[in-house]
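See below for the structure under consideration.
Quick note: numbers below take in every heavy atom, side chains included, and nothing from hydrogens, waters or symmetry partners.
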Amino acid sequence: MIKQFYSDLITRLTAELRDGSNNLLFKHSALWNNQPDNEQKEKAHRYPALFIEFSDIVYRSENYGVQKIDLGFSVHCIFSQLVEDLDLLDLVSAVGVALHGYKLDYCSNIVRTMELQDTDRDRLTDWVVGFRTVITVDTTAVQRRLTSTEAPITLDLTRSLDIDNDTIRTGDGEV
């Protein structure tokens with residue numbers, strides 16, 4: 001379910017984060033793996049970049065095997081220091097607008113919970129935007145068989161129904 005959620009987030013961000021000429025406001029997106037500290041080991045990518053970090057994943061059980069995931073996640077908006085500060089703030093704001101209140105069929109409204117500017121980077125700025133949502137996982141649910149796949153049973157009625165009065169009442173018979 002987390003994979004589907006991640007894919008849906010990237011689709012949403014790709015659709016919403018565009019400039020007036022319909023160009024994407026970011027050049028790269030991926031799962032967070034502390035890319036700024038591992039640039040020498042990671043595949044090269046362009047900035048600005050968005051990375052999604054799943055930091056708080058708590059499962060709880062509901063009825064019939066359904067599970068809920070209380071999910072905290074962050075979007076790291078990473079910029080090269082060569083980018084103007086206002087462009088950075090525009091993208092951070094656009095990320096918040098694109099995701100806050102967004103709802104999918106299987107999760108509650110996404111709520112923006114925090115922002116944090118991480119200034120402990122050599123030549124990059126990492127602005128973290130935090131969110132929370134609740135995802136419903138029904139793939140673990142016990143499927144109730146409400147209809148039978150067996151052949152129907154045929155009943156042979158040996159009596160006929162005799163109704164003398166068109167008004168049918170229930171109860172003790174008193175009016």
Side-chain angles (χ1 to χ4, degrees), residues 1-19 22-39 41-79 83 87-121 124-150 152:
M1 198 71 199
I2 300 295
K3 178 181 176 181
Q4 180 64 47
F5 184 70
Y6 170 78
S7 176
D8 289 338
L9 285 180
I10 295 298
T11 300
R12 174 71 174 183
L13 292 170
T14 302
E16 295 293 318
L17 302 182
R18 297 191 173 267
D19 64 14
N22 205 29
N23 297 316
L24 273 175
L25 296 176
F26 60 96
K27 307 287 187 222
H28 179 74
S29 62
L31 277 172
W32 176 250
N33 190 26
N34 203 8
Q35 283 85 346
D37 288 345
N38 296 307
E39 271 193 303
K41 302 173 197 172
E42 291 281 340
K43 292 180 181 177
H45 57 270
R46 296 174 55 206
Y47 295 102
L50 299 180
F51 297 100
I52 296 176
E53 175 184 15
F54 297 106
S55 56
D56 189 16
I57 304 171
V58 178
Y59 286 82
R60 57 186 159 93
S61 293
E62 300 286 323
N63 292 332
Y64 303 109
V66 172
Q67 288 188 305
K68 300 276 185 168
I69 303 172
D70 297 315
L71 179 66
F73 68 97
S74 300
V75 178
H76 292 258
C77 304
I78 305 204
F79 298 85
V83 174
D87 291 341
L88 176 150
L89 296 175
D90 286 342
L91 181 57
V92 168
S93 176
V95 166
V97 169
L99 294 182
H100 180 76
Y102 182 57
K103 183 177 183 333
L104 295 158
D105 292 339
Y106 55 86
C107 75
S108 65
N109 288 352
I110 295 171
V111 177
R112 180 174 33 183
T113 58
M114 58 73 85
E115 289 185 14
L116 172 68
Q117 182 182 6
D118 183 356
T119 57
D120 191 22
R121 306 284 178 201
L124 301 173
T125 299
D126 179 6
W127 197 291
V128 183
V129 185
F131 298 91
R132 293 207 66 76
T133 191
V134 177
I135 295 176
T136 301
V137 181
D138 59 3
T139 55
T140 57
V142 176
Q143 300 298 322
R144 292 191 162 245
R145 217 171 78 183
L146 299 178
T147 58
S148 175
T149 57
E150 299 172 7

For the side chain of [X] and the backbone of [Y], is there at least one donor-acceptor N/O pair under 3.5 Å apart?
X      : Y      : answer
Thr133 : Leu71  : no
Arg12  : Ala98  : yes
His100 : Arg112 : yes
Thr14  : Ile10  : yes
Thr11  : Ser7   : yes

Please give me the minimum heavy-atom distance between [X] and [Y], naming the atom from each residue.
X      : Y     : result
Phe131 : Leu99 : CE2-CB, 3.6 Å
Thr136 : Met1  : O-CE, 4.2 Å
Leu9   : Phe73 : CD1-CE1, 3.7 Å

Sequence neighbours left out, what passes salt bridge (charged side-chain N to carboxylate O under 4.0 Å, His left out) with Asp56? Give chain and number order.
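Asp56 satisfies salt bridge (charged side-chain N to carboxylate O under 4.0 Å, His left out) with Arg132 once adjacent residues are dropped.
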
Do [X] and [Y] come close enough that some side-chain heavy atom pair is under 4.5 Å?
X     : Y      : value
Tyr6  : Leu31  : yes
Val58 : Ile69  : no
Arg60 : Val134 : yes

Got a sec, which residues hit side chain to side chain contact (heavy atoms under 4.5 Å, CB included) with Asp19, two or more places apart in sequence or on another chain?
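Residues passing side chain to side chain contact (heavy atoms under 4.5 Å, CB included) with Asp19: Ser21, Asn23, Leu25.
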
[X] [atom1] to [Y] [atom2] distance, which is reported to the nearest 0.5 Å:
X      : Y      : atom1 : atom2 : value
Arg46  : His28  : CZ    : NE2   : 11.5 Å
Gln4   : Asp105 : CD    : CG    : 10.5 Å
Ser74  : Leu50  : OG    : CG    : 12.5 Å
Gln67  : Glu62  : CD    : CD    : 9.5 Å
Ile135 : Ile57  : CD1   : CD1   : 8.5 Å
Glu115 : Cys77  : CD    : SG    : 8.0 Å

Got more than 12 heavy atoms from elsewhere within 6.0 Å of NZ, Lys103?
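More than 12 heavy atoms, drawn from other residues, nucleotides or ligands, come within 6.0 Å of this atom.
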
When Trp127 is tested against each of Leu91, Leu89, Asp118 for side-chain contact (heavy atoms from CB on, under 4.5 Å), which residue passes?
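Option passing the side-chain contact (heavy atoms from CB on, under 4.5 Å) with Trp127: Leu89.
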
Hey, mind stepping through Glu16 and Tyr102 against side-chain contact (heavy atoms from CB on, under 4.5 Å) and telling me if it holds?
CA-CA 11 Å; Glu16 295 293 318; Tyr102 182 57; over 6 Å; no

Does the pair Trp32 and Val75 meet the rule for a side-chain contact (heavy atoms from CB on, under 4.5 Å), with working shown?
CA-CA 8 Å; Trp32 176 250; Val75 178; over 6 Å; no

Between Tyr47 and Phe79, does the ring centre distance come in under 6.0 Å?
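No: the rings miss the under 6.0 Å criterion.
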
Geometric class of the Phe54/Phe5 ring pair [parallel <30°, tilted 30-60°, perpendicular >60°]:
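Phe5 and Phe54: tilted rings.
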
Tell me, with the steps shown, if Phe51 and Val128 meet side-chain contact (heavy atoms from CB on, under 4.5 Å).
CA-CA 9 Å; Phe51 297 100; Val128 183; over 6 Å; no

Please step through side-chain contact (heavy atoms from CB on, under 4.5 Å) for the pair Arg18 and Leu24, ending with a clear verdict.
CA-CA 4 Å; Arg18 297 191 173 267; Leu24 273 175; 3.9 Å; yes

